[in-house]
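Basis for what follows: all heavy atoms, side chains included, without hydrogens, waters or symmetry-related copies. Naming: A, B, ... by sequence-line order, numbering from 1 per chain.
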Number of protein chains: 2
Amino acid sequence: MTVWSLSFLTMPTETFFNLPAEKRDMICQAAIAEFAAHSFEQASINRIVANAGIAKGSFYQYFANKEDIFLYLLQLSGQAKLAYLEPILRNSGEYDFFALLRDLYVSGIQFAEKHPEYAEIGKKLMKSKGTPIYAAVMNASMPTADEFFVLLLENAIRRKEVRADIDVAMFAHLIAAMNALVIEYYCEHSASTHDGTMLATVERFIDFLKYGLAAPAA
Amino acid sequence: MTVWSLSFLTMPTETFFNLPAEKRDMICQAAIAEFAAHSFEQASINRIVANAGIAKGSFYQYFANKEDIFLYLLQLSGQAKLAYLEPILRNSGEYDFFALLRDLYVSGIQFAEKHPEYAEIGKKLMKSKGTPIYAAVMNASMPTADEFFVLLLENAIRRKEVRADIDVAMFAHLIAAMNALVIEYYCEHSASTHDGTMLATVERFIDFLKYGLAAPAA
DNA sequence: ATATCATATGACTCGCTGGTCACATGACTG
DNA sequence: CAGTCATGTGACCAGCGAGTCATATGATAT
């Protein structure tokens with residue numbers, strides 16, 4: 001659910017952008033596949049250049065180092081994700097909290113289905129809290145999903161859509177994390193499925209968030 | 001919340017158990033610290049032997065390889081955790097679902113506070129789904145927390161404590177994952193705290209699981 | 001004194017890593 | 001033709017990893 005800002009603290013070189021689009025794509029595709037398959041530390045520049053079909057020296061004419069290309073890919077990913085979220089965010093005033101949440105979840109799943117590699121990279125990043133690269137990413141002024149949900153929750157409490165006695169920071173964290181969990185679960189347990197099933201899954205999940213697990217009094 | 005079984009598919013050598021307990025402890029402590037600080041792949045046998053004050057060759061007289069010592073530590077961790085969970089599990093028939101859940105969460109937090117290194121190793125392992133070591137661990141017949149919560153949920157539904165229209169597998173997964181999230185959140189956001197606060201945090205969280213986030217009708 | 005045995009050791013192999021650099025290629029200029 | 005500039009290249013470097021092995025130590029038994 002994180003929405004990356006377009007920070008330009010690090011960037012590919014001019015040389016990279018002078019490249020024919022075809023070649024640039026080969027490099028990006030190879031790098032995306034590599035970072036989707038391996039953590040930042042485990043990812044190998046050697047494999048990226050091999051799969052991209054370029055020389056290692058060339059790679060270092062395009063990117064300063066491994067971190068540079070990784071942050072660039074996160075930027076691309078953020079832009080792609082923003083395209084999915086933008087319509088919802090634009091009209092966010094019109095929704096009640098749970099409806100908004102539902103649409104955010106649905107968009108999140110759609111994004112993950114359309115861009116599984118980006119989703120995988122994001123997932124791996126979220127799991128790497130505490131590593132140097134995670135700190136570097138946060139340093140690059142990437143706003144967190146937690147912060148976003150804090151705002152949403154505070155708003156919902158003000159509108160009396162959500163009970164006021166919750167620990168907002170903790171539930172923002174939980175909601176953000178559950179977003180990832182639900183997407184992951186959904187993607188793993190329904191390879192062949194149509195949107196109807198997906199919407200139903202999300203609806204039932206949102207219903208749980210709203211009313212809980214307890215059986216209604218008989 | 002996972003309860004490790006005591007599988008003996010791999011084990012330290014007899015030589016290891018002939019060692020004076022003091023030396024064995026040094027090695028385990030060094031290894032625990034290493035695997036708590038780094039993922040399985042990133043963890044370094046060189047650092048372990050350096051911190052344990054033994055020669056590398058000696059290490060390989062005690063353990064077959066990196067995986068061997070890792071699985072052994074998971075076994076130790078599982079035994080330690082079982083000690084916390086056993087009293088609850090023994091009387092599990094007497095609780096209602098949400099009370100049982102609460103006690104499981106509390107015990108989980110207490111375990112994490114008493115054995116932060118073990119908790120960290122478990123956390124890192126759960127985050128490494130998809131890697132070879134994760135597969136190896138699952139192969140070593142470690143029962144998952146998911147499976148455990150499936151049983152609990154099915155039971156609770158039969159007793160009409162939990163609504164029957166949920167996707168049991170998915171919520172088992174969510175509850176297991178949220179367990180880890182809540183423990184992590186609690187440990188990070190309350191360095192100086194007494195049990196009263198902790199119990200209150202868990203109670204409010206269980207209350208959310210029970211009744212949801214929606215504000216009660218005014 | 002000698003043989004046997006469990007244990008201890010660290011230099012070594014081999015493979016892979018991120019990153020560098022001297023040089024090659026080829027297009028465009030005067 | 002030579003000069004210049006952007007781009008391409010892969011051998012190379014230093015470092016670190018897991019795992020091996022010939023050798024050393026020292027205790028016990030004979």
Side-chain angles (χ1 to χ4, degrees), chain A residues 10-28 30-35 37-73 124 128 131-137, chain B residues 10-28 30-31 33-35 37-73 124 128 131-133 135-137:
Chain A
T10 65
M11 275 301 267
T13 60
E14 196 193 320
T15 306
F16 178 71
F17 290 110
N18 292 342
L19 250 38
E22 203 185 33
K23 190 167 183 176
R24 269 201 321 253
D25 274 5
M26 279 296 295
I27 296 167
C28 285
I32 287 168
E34 179 68 14
F35 285 113
H38 306 277
S39 70
F40 177 80
E41 286 84 10
Q42 237 74 54
S44 157
I45 301 290
N46 287 345
R47 279 191 297 254
I48 292 175
V49 298
N51 290 331
I54 62 171
K56 199 163 175 185
S58 300
F59 177 90
Y60 283 96
Q61 287 208 311
Y62 311 144
F63 300 96
N65 49 41
K66 191 154 78 155
E67 185 181 311
D68 197 23
I69 192 174
F70 186 68
L71 291 176
Y72 176 63
L73 292 184
K124 286 213 157 62
S128 69
T131 66
I133 188 61
Y134 184 89
V137 170
Chain B
T10 66
M11 275 300 268
T13 61
E14 195 192 321
T15 307
F16 178 70
F17 290 111
N18 292 342
L19 252 36
E22 203 186 30
K23 191 168 184 178
R24 266 198 327 249
D25 274 6
M26 280 296 296
I27 296 167
C28 285
E34 180 68 15
F35 286 114
H38 306 277
S39 70
F40 177 79
E41 286 85 9
Q42 237 76 55
S44 157
I45 301 289
N46 286 346
R47 279 192 297 254
I48 291 176
V49 298
N51 290 331
I54 62 170
K56 199 167 178 182
S58 300
F59 177 91
Y60 282 95
Q61 285 207 314
Y62 310 145
F63 300 96
N65 49 41
K66 191 154 78 156
E67 186 181 309
D68 196 24
I69 191 174
F70 186 69
L71 291 177
Y72 176 63
L73 293 183
K124 286 213 158 64
S128 68
T131 65
I133 187 60
V137 170

Can you measure A/Gln61 atom CD to C/dC21 atom C1' for me and round it to whole angstrom units? 11 Å

Contact letters for nucleotides 15-29 of chain D, in which S counts primed atoms plus P, OP1 and OP2 and B counts the base, heavy atoms under 4.0 Å: --SBBBB--------

Got a list of side-chain donor-acceptor pairs under 3.5 Å for residues 48-58 of chain A, not counting sequence neighbours?
from: A/Asn51; atom 1: ND2; to: A/Arg47; atom 2: O; distance (Å): 3.3
from: A/Lys56; atom 1: NZ; to: A/Asn46; atom 2: OD1; distance (Å): 2.7

Can you tell me how far C1' of C/dT17 sits from CD of A/Glu34, to the nearest Å? 12 Å

Roughly how many Å is it from CZ in A/Phe17 to P in D/dT7, rounded to a whole number? 13 Å

What is the distance from NZ of A/Lys23 to P of D/dT7, rounded to the nearest Å? 10 Å

Roughly how far apart are B/Ile133 CD1 and B/Phe70 CZ, rounded to 0.5 Å? 5.5 Å

Quick one: pull up CG in A/Leu73 and CZ in A/Phe63 and give me the separation to the nearest 0.5 Å. 7.0 Å

State which residues pass side-chain contact (heavy atoms from CB on, under 4.5 Å) with A/Gln42; sequence neighbours excluded, sorted by chain then number. A/His38, A/Ser39, B/Glu41, B/Gln42

Taking atom C1' of D/dG8 as reference, at what distance in whole Å does atom CE of A/Met26 sit? 16 Å

When the C1' atoms of the five terminal pairs at each end define the local axes, what inter-axis angle does the helix from C/dA1-D/dT30 to C/dG30-D/dC1 show, to 10 degrees? 30°

Distance test, side-chain N/O of A/Thr15 to OP1/OP2 of D/dT7, below 4.0 Å: yes

Run the side-chain contact (heavy atoms from CB on, under 4.5 Å) test against A/Asp25 and tell me which residues pass, sequence neighbours left out. none

Could you work out, with salt bridge (Lys or Arg N to Asp or Glu O under 4.0 Å) as the rule, every residue matching A/Lys124, not counting sequence neighbours? A/Glu120

Rounded to whole Å, NE2 of A/His38 lies from P of C/dG18 at a distance of 11 Å

Measure from the side-chain N and O atoms of A/Lys66 to the backbone N and O of A/Ile45, and report whether any donor-acceptor pair falls under 3.5 Å. no

Test of understanding: with side-chain contact (heavy atoms from CB on, under 4.5 Å), list the residues that count as partners of B/Asn65, not counting sequence neighbours. B/Glu67, B/Asp68

Touch check for A/Tyr62, heavy atoms < 4.0 angstrom, all strands: base, sugar-phosphate only, or nothing? sugar-phosphate

For B/Tyr60, the ring pair (Phe, Tyr, Trp, His ring centres under 6.0 Å) test, sequence neighbours excluded, returns none

